[in-house]
Structure formats: C-alpha cells, structure tokens
There are 2 protein chains.
Amino acid sequence: MATIKDVARLAEVSVATVSRVLNGNGYVHKETKDRVAKAIQQLNYRPNDVARSLFKGRSKMIALFVPDIMNPFFPELARAVEDTAKQKDYTFVLCNTDDDPEKEIAYIDALRQKSLDGIVVVSSTMSGDYVKNVDIPVIALDRILHEDLSSVTVNNREGARQAVEHLKKQGCTRIAHIAGPEHISNAKQRMNGYLDAVQQEEWFKFSYIEQGEYRFESAKEAAQSLLERHPEIDGLFVANDLMGVGALKGAEAMKVSVPEELSIIAFDGITLGETTTPTLTTMAQPIYTIGSRAAEMLIQQIEQADQGTQVEEFEVELIERESTKRRQNDDET
Amino acid sequence: MATIKDVARLAEVSVATVSRVLNGNGYVHKETKDRVAKAIQQLNYRPNDVARSLFKGRSKMIALFVPDIMNPFFPELARAVEDTAKQKDYTFVLCNTDDDPEKEIAYIDALRQKSLDGIVVVSSTMSGDYVKNVDIPVIALDRILHEDLSSVTVNNREGARQAVEHLKKQGCTRIAHIAGPEHISNAKQRMNGYLDAVQQEEWFKFSYIEQGEYRFESAKEAAQSLLERHPEIDGLFVANDLMGVGALKGAEAMKVSVPEELSIIAFDGITLGETTTPTLTTMAQPIYTIGSRAAEMLIQQIEQADQGTQVEEFEVELIERESTKRRQNDDET
DNA sequence: TCGGTTTATGTAACCCGTTACACATATAGT
DNA sequence: ACTATATGTGTAACGGGTTACATAAACCGA
C-alpha cells in the first residue's frame with residue numbers, strides 16, 4: 001500500500017503538504033493541491049487510519065453492547081446503531097455480553113486498548129459506578145444503568161398502563177401480568193404501569209402477577225401456571241413480545257383460545273409478533289429510532305465533550321393485531 | 001493512560017525490556033521480569049493496540065458482512081462469528097450490506113484503512129473477481145461467491161431433495177416449490193434439489209415453481225398465487241424458513257389448513273419456525289457451527305497465510321414439526 | 001586462560017500519519 | 001519605502017509500541 005511519503009515524492013512536495021491537502025487545513029497553493037490530488041489518484045492512496053488513530057488517540061469506532069444478538073429485540077437496534085455509525089464514518093463493533101458483568105468489563109478493557117471512542121450499552125448488570133469511571137462516552141439504551149448516565153429509553157410505565165387500559169376497553173375484567181426479571185429497569189417500570197392500571201380494581205390480586213425471564217420458554221411456562229391457577233383471567237399483559245409469543249403458546253397448550261377466551265397484549269413491537277397465529281397486539285417501541293438516536297448522542301458526545309447528561313424518553317404506540325379482541329360483554333356499544 | 005515508557009521508568013529498565021516481558025520473547029532476567037511485572041501492575045498498564053497495529057500492520061479485528069442483520073437467519077451466524085472472534089482475541093465488526101455491491105466495496109475500503117485482518121462474507125452480489133483482489137483473507141459463508149474462494153456452506157441440493165422426499169413420505173402427491181432469488185447460489189441449489197426429487201414424477205409441471213424474494217411478504221404472496229393457480233397441490237417446499245412462515249400465512253389467508261390440506265416444509269432451522277402456529281417443519285442448517293467454522297478458518301488463514309482454498313460443506317438435518325403431517329391416503333401403514 | 005555461546009539489556013530506527021514551528025514570499029496599509 | 005499580515009511550504013517531533021543491532025557480562029569447554 002502506498003503511504004503519504006510515496007504521494008509526497010510523486011507530487012514533489014513534503015508530507016506535510018500532502019497531509020494538508022488530505023485534511024483540507026492550512027494553506028496550500030491551488031496548483032500544488034492539484035498536483036497532490038493527481039498523485040493520490042495515481043497511487044490510489046488511502047491514508048492509514050491506524051497511524052491517524054495513534055496520533056489522535058481516536059479510532060472512529062463505536063461499540064454496541066447487547067446481552068445477545070439472537071434475542072429478536074436486538075437486531076433492529078443493532079441495525080439502527082450501525083446505520084448511524086456508518087453515516088458518520090464510524091466503524092461498528094458488536095459485543096454480546098450475556099448480561100455478564102465480567103464479560104462487559106473484559107470488552108471495555110480490550111476495546112479501550114484499541115482507542116474505541118464510545119459505547120452504546122444495553123445492560124442491567126453493569127455496575128453504574130464502574131461505567132461512570134470509564135473514560136469514554138457511554139449511552140445507556142433501553143434500560144437505565146445509572147441516573148447520571150445519558151440514556152435513551154421509552155416511557156415504559158405509561159406504555160404498560162395504556163396496554164392494560166386497552167385490554168379493559170376490549171372488555172377484559174380479570175387482567176393478569178407476566179413480568180420480566182425485576183433487576184431490569186424496564187421490566188420493573190412495566191410492572192408498575194400494570195399496577196397503576198389495576199391496583200384500584202376490586203378483583204385485583206397480587207397472584208395475578210407471574211415473574212419470568214425475558215425468554216420464550218419462560219413465558220410459556222408462566223402463562224400455563226397462571227392459567228392453571230387462575231382460569232378466570234381473560235386478559236394478559238406480558239412484559240415483552242418475546243414472552244408474549246411464549247404466552248400465546250402457553251395458552252394454546254392449555255387449550256385457551258386467543259383472543260376469544262383470553263386477550264394478550266405485549267410490549268416492544270418486534271416483527272416476531274406479526275408471524276404468530278394469532279398475531280400479537282403490542283405496545284410498540286420506536287426501536288430503530290431509539291437505536292439511531294442513541295448512536296447520534298454518543299457521536300455528539302465524542303466529537304464535542306461539553307454537553308452533560310442527556311436523557312431522552314420516547315413514546316410507545318399501540319399496534320392492534322389479532323391477539324386482543326372486543327368481548328361480547330363490552331359495555332361500549 | 002500509562003505508556004510503556006512510564007513502566008520502563010518505574011521499573012528502571014528500557015522500553016525494549018518491557019516489551020520483551022510483555023510479549024514473552026527475547027531474554028529477560030527473572031528478577032527484571034518481576035520488577036517489570038510489578039510496575040505494570042502498579043500502573044495498571046495496558047499496551048496500546050493501535051501502536052501495535054501500526055507497527056505490525058495487523059489489527060486483530062475481523063468483520064462479518066451480512067445483507068441485513070434484521071433478517072432472522074443472521075443473528076445466530078453473527079453470534080457464532082463473534083464468539084469465535086472473541087475467543088481468539090479478535091474484535092468483531094458487523095456490516096450490513098443490503099446486498100449492494102457499492103456498499104460492500106465501500107466497507108472493504110474503509111476497513112482496510114483500519115488494517116482489518118479478514119472478512120467473513122455472506123453475499124451474492126459481490127463480484128468474485130473483486131474479492132479475489134482484496135489483499136486480506138475472505139471466507140464466503142452460506143453462499144458461494146467464486147469457486148476458488150474458501151467457503152463454508154451446507155449441502156443445499158441434497159437437503160432440498162430430502163425435504164421433498166419427506167413430503168412424499170408423508171403422502172403428498174402434488175408438491176410445489178417457492179424458490180428464492182435465482183442469483184443467490186443456495187436458492188438455485190435448493191431448487192435443483194427440488195427438481196431432482198420431482199422432475200421424474202408424471203404430475204410435475206414447471207408452473208409448480210414460484211419465484212420470490214427471501215422475504216416474508218414475498219413468500220406470502222407467492223403462496224397465495226400458487227394456491228390460486230393450483231388448488232390441487234398438497235405439499236410445498238419453501239426455499240427458506242422466513243419464506244416458509246410467509247407461506248404459512250399465505251395458506252391461512254387462502255383458508256387452506258396446514259398441515260391437514262397442505263404440508264409445508266422449509267429450509268434453515270431458525271427459531272422463528274418454532275413460534276408459528278402450526279410450527280414449521282424444516283431442513284435445519286447447523287447455523288452456529290458454520291458461522292463458527294468460517295471464523296475459525298478465517299483466523300487460521302490470517303495467522304498462517306500458507307493454506308490454499310478451503311471448502312467445507314455441512315449436512316442439514318430434518319426437524320419435523322407441525323406443518324407436515326402424515327396424510328390419511330398414506331400408502332405406508 | 002581464551003575464544004565461542006548464551007544470557008541480558010539498551011539505543012535507535014521504524015510503522016505512518018499530524019502538526020508546531022520556522023522560514024520565505026506576496027500583498028496590503030500607511 | 002517599510003512594517004504588518006496573509007499565503008505557501010518544509011523540517012522534525014510526536015503518538016506508543018516492536019525489533020534489529022550493538023554491547024557486555026556470564027558461562028563453557030578445551
């Protein structure tokens with residue numbers, strides 16, 4: 001590969017002049033510039049980013065930490081962050097953390113050695129105190145890690161409340177909840193939203209809440225156990241779509257038909273919910289938007305260190321599909 | 001951040017000695033080594049990989065090119081490549097190419113400037129001649145790009161044949177095919193496998209083949225049009241699972257019940273097929289294995305340039321689920 | 001005791017850019 | 001005509017490692 005010296009030699013100038021042409025700074029005579037440009041062209045010269053990074057202490061690389069890219073919520077997020085990174089000329093590094101704090105720290109160590117410029121993190125296990133001491137910008141996405149760390153999330157609590165309200169409007173009178181892991185901030189917020197909507201109801205019991213993992217199987221079992229214990233429930237709010245699909249399968253296994261006997265609504269808005277039978281009603285997050293916004297915020301913080309903690313919260317939106325349906329005993333005509 | 005000079009100063013040795021300790025090469029007196037190790041410890045020193053890369057011309061980074069990580073076939077592949085990369089101390093870069101050759105070339109250019117060490121490529125659009133002139137190792141995965149480029153794939157043709165045989169064994173007597181895009185090598189091979197199994201049958205007509213994109217919607221439409229034109233078909237082999245799920249929906253829309261009236265089998269073995277109703281029978285690729293193997297081959301080629309073109313083909317395996325079922329007019333008792 | 005290895009360590013060049021600084025010429029203002 | 005400023009270009013230090021080469025002491029066999 002040609003180096004800047006080769007270009008300088010061919011154009012009969014110094015490397016400094018070539019560098020000036022390359023970066024468009026300093027004074028360069030028009031004719032000189034043309035000569036250099038021609039030499040660059042002839043040699044098909046591309047500056048070595050590693051040398052640049054060494055000098056600048058910057059690599060133009062950002063990373064996204066997700067628990068596991070195989071979880072269908074994350075590919076769209078990854079796509080959004082990657083698109084934004086590419087558009088701003090950053091290279092995109094993907095890390096699967098398995099929600100393991102040791103892996104997270106190992107990744108950060110390894111990436112800092114490569115002068116990584118910043119990280120978008122989806123995590124509930126990383127210690128907030130640790131993150132605060134990382135010397136590069138970090139943006140929390142989808143889950144909150146530490147109150148004074150910049151983050152991009154959605155209004156989980158209000159969205160969850162609306163989900164339950166939707167079930168009520170469809171005529172459900174006994175609404176249960178399959179919750180996500182309590183150490184994950186959004187799972188907790190969604191449960192609170194559920195409680196906001198049902199705690200006043202005279203029929204409400206705490207045993208209407210079943211805890212599970214953010215996984216398909218876990219939700220299937222949770223749904224079965226819930227339906228077993230409480231055959232009277234006719235509405236179910238599930239903490240996320242992946243679990244929602246599990247719940248659908250759990251109901252199917254219990255021979256409870258959805259939506260005729262049981263309405264199910266979940267949360268996230270991933271495409272998986274469009275392929276089930278029945279399709280899954282959900283409170284959709286603007287997944288691409290939040291991923292893209294997090295990447296933008298990150299790059300902004302990288303390129304001008306000034307701004308302090310930024311917190312952005314987006315709205316979720318009801319997408320009504322087949323798993324919720326108006327009951328016959330509906331009081332609105 | 002501490003540098004090698006700081007360590008050298010603290011340990012009262014030269015930077016060369018520190019470097020020797022770091023890399024475990026050259027002669028270093030035991031006591032000196034301990035002193036250096038202690039200094040490294042004290043300063044929490046981590047060598048700067050960028051400086052290393054500059055000198056070595058290697059970055060310990062590999063990339064995976066996929067058309068779009070949002071396509072549910074790719075996350076598992078990405079996970080496999082990332083796991084393998086991490087295990088061998090490589091950083092993992094993910095690139096979405098959208099099957100656009102210009103993007104692919106732009107990525108390669110950008111990454112070569114960062115001294116990227118190698119690429120695992122899932123692509124059908126990249127020019128094989130272009131790839132051959134890339135000066136770093138490239139492994140083709142899932143699709144073949146050029147005959148003398150190393151690749152990891154599965155036995156698509158034979159797998160497809162087996163899929164159709166399975167339908168026959170279940171009692172299907174009119175078997176159609178929804179094919180993938182013909183410029184994608186595996187789609188073509190799967191179609192050939194279908195033809196191997198049906199071309200001799202007296203009922204076979206070329207209009208039993210419907211071409212589509214590797215997308216959900218496209219397959220749904222294809223299935224509907226096929227069922228409209230040929231209400232007699234009782235078996236359907238679909239080129240991949242994503243399309244298979246589309247076909248399931250197409251049949252549902254046409255009020256054709258699966259598997260009672262129509263058996264559907266697809267190809268890939270992605271988890272999406274487990275969440276539909278009915279669940280989707282498929283010829284499963286060992287997705288994680290091929291991804292992981294491709295990454296291993298790549299790293300091997302990076303670390304010892306000798307070996308020539310390596311081609312590995314894995315077997316696919318039938319996973320029988322609900323979308324195929326034995327017919328009553330079955331001739332085997 | 002002497003030349004030949006083996007062991008141990010340091011000096012400096014190198015990887016390839018960027019930029020501070022020096023220097024020279026041109027243009028402008030008074 | 002004489003500074004002051006703008007324009008144009010080169011030299012060399014720098015970023016942080018690695019390693020070829022030089023040097024020197026210790027060890028070894030004859």
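Below, read A as the first sequence line, B as the second, and so on, with proteins coming before strands; counting in each chain starts at 1.
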Nearest-Å distance, [atom1] ([X]) to [atom2] ([N])?
X: A:R20; N: C:dG17; atom1: CZ; atom2: P; result: 16 Å
X: B:N25; N: C:dT7; atom1: CG; atom2: C1'; result: 15 Å
X: A:L22; N: C:dG17; atom1: CG; atom2: P; result: 8 Å
X: B:R112; N: C:dC16; atom1: CZ; atom2: P; result: 12 Å
X: A:R52; N: C:dT19; atom1: CZ; atom2: C1'; result: 13 Å
X: A:N48; N: C:dC14; atom1: CG; atom2: C1'; result: 13 Å
X: A:Y27; N: C:dC21; atom1: OH; atom2: C1'; result: 16 Å
X: A:R46; N: C:dC16; atom1: CZ; atom2: P; result: 17 Å

Can you check whether B:R58's main-chain N or O pairs, donor with acceptor, with B:S115's side chain at less than 3.5 Å?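 No; judged by distance alone, with no hydrogens or angles, the pair does not exist.
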Is the backbone N or O of B:N25 less than 3.5 Å from a side-chain atom of B:N23, with the two atoms forming a donor-acceptor pair by type?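 Absent.
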Identify, between B:V18 and A:G26, the residue whose nearest nucleotide on DNA chain D lies closer to the 5' end.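 Of the two residues, A:G26 wins.
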Assess, by modelled atom type and distance only, whether the side chains of [X] and [Y] contain a donor and an acceptor separated by less than 3.5 Å.
X: B:D142; Y: B:N186; answer: yes
X: B:S150; Y: B:T309; answer: no
X: B:D99; Y: B:Y214; answer: no

Describe the nucleic acid contact of A:S53 in one word from base, sugar-phosphate, nothing, applying a heavy-atom distance below 4.0 Å. nothing
For B:T17, answer base if it contacts any base atom (sugar-phosphate contacts may also be present), sugar-phosphate if it contacts only those atoms, and nothing otherwise; contact means non-hydrogen atoms under 4.0 Å.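 Sugar-phosphate, backbone atoms only, no base.
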What are the bounds, 5' to 3', of the part of DNA chain D that sits under 4.0 Å from heavy atoms of chain B? D:dG16 to D:dA20
[X] bridged to [Y] by N-O distance under 4.0 Å:
X: A:K132; Y: A:D129; answer: no
X: B:R46; Y: A:D109; answer: yes
X: B:E12; Y: B:R35; answer: no
X: B:D34; Y: B:K38; answer: no
X: B:D98; Y: A:R79; answer: yes

For DNA chain D, determine which residues of residues 54-63 of chain A have any heavy atom closer than 4.0 angstrom to one of its atoms, and list them numerically. A:L54, A:F55
Contact list for DNA chain D against residues 3-16 of chain B - heavy-atom distance below 4.0 Å: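 Per residue number, the list reads B:T3, B:I4, B:A16.
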N/O (side chain, A:N23) to phosphate O (OP1/OP2, C:dT18) under 4.0 Å: yes
Tell me, do B:V154 and B:I290 make a side-chain contact under 4.5 Å, heavy atoms counted?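 The answer is yes; the side chains approach within 4.5 Å.
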Output all residues satisfying ring pair (Phe, Tyr, Trp, His ring centres under 6.0 Å) with A:Y107, sequence neighbours left out; order by chain, then residue number.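 Ring pair (Phe, Tyr, Trp, His ring centres under 6.0 Å) list for A:Y107, sorted by chain: A:F65.
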Checking side-chain hydrogen bond (donor to acceptor under 3.5 Å, both in side chains) between A:R143 and each of A:S151, A:S185, A:S124, which is the one that passes?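 Of the listed options, the one satisfying the test is A:S124.
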Using the C1' atoms of the five pairs at each end, what is the angle between the end axes of the helix from C:dT1-D:dA30 to C:dT30-D:dA1, to 10°?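 The end axes of the helix from C:dT1-D:dA30 to C:dT30-D:dA1 are about 40° apart, to the nearest 10°.
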Could I get the full list of salt bridge (Lys or Arg N to Asp or Glu O under 4.0 Å) partners for B:R215, not counting sequence neighbours?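 For B:R215 there are no salt bridge (Lys or Arg N to Asp or Glu O under 4.0 Å) partners, ignoring immediate neighbours.
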